[in-house]
Amino acid sequence: MILIVAVSVLVILCAMLAWRNVQGRKNFETQISILDNQLKDKDLKYKKLSETLVETKESINAVKRYSTGLENAVSEQKTSIADTLRYVYEIEKALFPTRGMIKAVFPDFFIINTQDVSNGIFYKVFVQGNFSLLTCGCCGLSGISGRTKALLNIVFLMDIMQKINLETTSAGHIIDRLRTRYENLSDSRQYHGYEDLQVNFSACIINQKDRLLSFAGSFSNLCLVRKSYPGTSRKEVDVHEFRGEKMNFTQNYGRRKNFPSETFELEKDDKIYLKSENYANSKTRTNNRFNDLFFRQMLMKVGGLPMNEQQQIFCSELEKSGRINDVFIFGAALKIKYQQPTTPLPEIDDVDFV
């Protein structure tokens, strides 16, 4: 009996051990299967990461190649622009008048803003015997386009001066001829005018022999400073303003709208002032302190001072208003021999002074 019970217990233990081995084997195989699946997933992720890394390296190389090409293009462009500016600067030195040349015509004068012509401002002085032509203007553009167009206007003026006689020409006729050059460019489709630009230009012919001055302007004025008490040492002055037409000289307005001229007689100690500006086309500034009224008020204050002192004061005011690169001013003492004028100056409005 005991033997039977012992055998039965042994059989049961063997069965339990066998069952545990079977269960353990199944659990082991399951764990191996799970680990194998995890390993396959990791291999797949690694493969995808490797492919992504390869694509990223290719993208980085492509960006580097593009960046290198862009840097080379920018470098070439900078070199090209620098060469162009250098070439334009050499032309400017050849075409713009030197101070010595101006001093030979106007011994006592000043000019403000001759260093930066990238704002499209230009000026030129011509002499024919007893007659001299003073011109200045702004083409309404800036940068390379402004510099190029400024030089184009000087070339036009030089060509015009080869074909006219200042003794028989008015200042308005100078602007009409300049406008004709633009009409010819428009007809040949080499130039497109911009009607929204207030392009300004002044022409002033001075007859030293007969003491006469002829002025015409396009969106620009001429100011004449004259002693209030001629022949005395008193420094009070009167400011007379002659207004140009509100017509763009680069646009065709028809033959019935030619630019008129104003002619008046000069006196001893008369001083003239021309102003040209690119401010009218600027959309970034709001300070318009240096307008025509303020300019006349300044002349009332400083018109009796020597020209070099006037220059310093004007430069200081322009710097305060932040417009030193937008405005060109030419001032000259004419040094006319004194003689009582036979023709009075045209009637003009009094200058408002505040």
### Query
Asp238 and Tyr229: side-chain donor and acceptor closer than 3.5 Å?
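Asp238 vs Tyr229: no donor-acceptor pair found between side chains.
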### Message
I'd like to know whether the aromatic ring centres of Phe330 and Phe106 sit less than 6.0 Å apart in this structure.
### Response
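They qualify: ring centres under 6.0 Å apart.
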### Task
Under the ring-ring contact (aromatic ring centres under 6.0 Å, His included) rule, what do Phe328 and Phe122 come out as? Steps first, then yes or no, please.
CA-CA 9 Å; Phe328 169 89; Phe122 60 94; 9.2 Å; no
If only atom types and distance count, is the side chain of [X] paired as donor or acceptor with the main-chain N or O of [Y] below 3.5 Å?
{"X": "Gln310", "Y": "Leu299", "value": "no"}
{"X": "Ser261", "Y": "Gly172", "value": "yes"}
{"X": "Glu245", "Y": "Phe259", "value": "no"}
{"X": "Thr180", "Y": "Asp176", "value": "yes"}
{"X": "Thr168", "Y": "Asn165", "value": "yes"}
{"X": "Ser214", "Y": "Thr263", "value": "no"}
{"X": "Asp210", "Y": "Leu212", "value": "no"}

### Message
Would Lys275 pass as a cation-pi partner of Phe295, given that its NZ or CZ must be under 6.0 Å from the six-membered ring centre and within 45 degrees of the axis?
### Response
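Yes, cation above the ring, under 6.0 Å and within 45°.
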### Query
In chain order, what residues pass the salt bridge (Lys or Arg N to Asp or Glu O under 4.0 Å) check against Asp270, with sequence neighbours excluded?
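By the salt bridge (Lys or Arg N to Asp or Glu O under 4.0 Å) rule, Asp270 matches Arg226.
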### Query
With under 30° as parallel and over 60° as perpendicular, where do the rings of Tyr273 and Phe314 fit, or are they tilted in between?
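The rings of Tyr273 and Phe314 sit tilted, inter-plane angle from 30° to 60°.
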### Task
Fit a plane to each ring of Phe201 and Phe249, take the angle between them on a 0 to 90° scale, and name the class: parallel (under 30°), tilted (30 to 60°) or perpendicular (over 60°).
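Because their plane-to-plane angle lies in the 30° to 60° range, the rings of Phe201 and Phe249 count as tilted.
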Please name the pair of heavy atoms, one in [X] and one in [Y], separated by the smallest distance, quoted to 0.1 Å.
{"X": "Arg243", "Y": "Phe215", "answer": "C-CE2, 4.2 Å"}
{"X": "Glu241", "Y": "Asp292", "answer": "OE2-CB, 4.1 Å"}
{"X": "Asn291", "Y": "Phe294", "answer": "OD1-N, 2.9 Å"}
{"X": "Gly244", "Y": "Asn221", "answer": "N-OD1, 3.3 Å"}
{"X": "Gly303", "Y": "Val237", "answer": "C-CG1, 4.0 Å"}
{"X": "Ile205", "Y": "Thr169", "answer": "CD1-O, 3.4 Å"}

### Query
How long is the span from the CZ atom in Arg179 to the CD1 atom in Ile174, to the nearest 0.5 Å?
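Reported to 0.5 Å precision, the distance equals 13.5 Å.
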Report all side-chain donor-acceptor pairs from residues 47-55 shorter than 3.5 Å, counting only partners two or more places apart or in another chain.
{"residue": "Ser50", "atom": "OG", "partner": "Tyr46", "partner atom": "O", "Å": "2.8"}
{"residue": "Thr52", "atom": "OG1", "partner": "Lys48", "partner atom": "O", "Å": "2.9"}

### Task
Would you sort out whether Leu334 and Ile206 count as a side-chain contact (heavy atoms from CB on, under 4.5 Å), showing the intermediate values?
CA-CA 9 Å; Leu334 299 182; Ile206 300 172; 3.8 Å; yes
### Message
One thing to verify: whether Arg181 and Asp159 come together as a salt bridge, which I'm taking to mean a side-chain N less than 4.0 angstrom from a carboxylate O.
### Response
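Between Arg181 and Asp159 there is a salt bridge, with a charged N closer than 4.0 Å to a carboxylate O.
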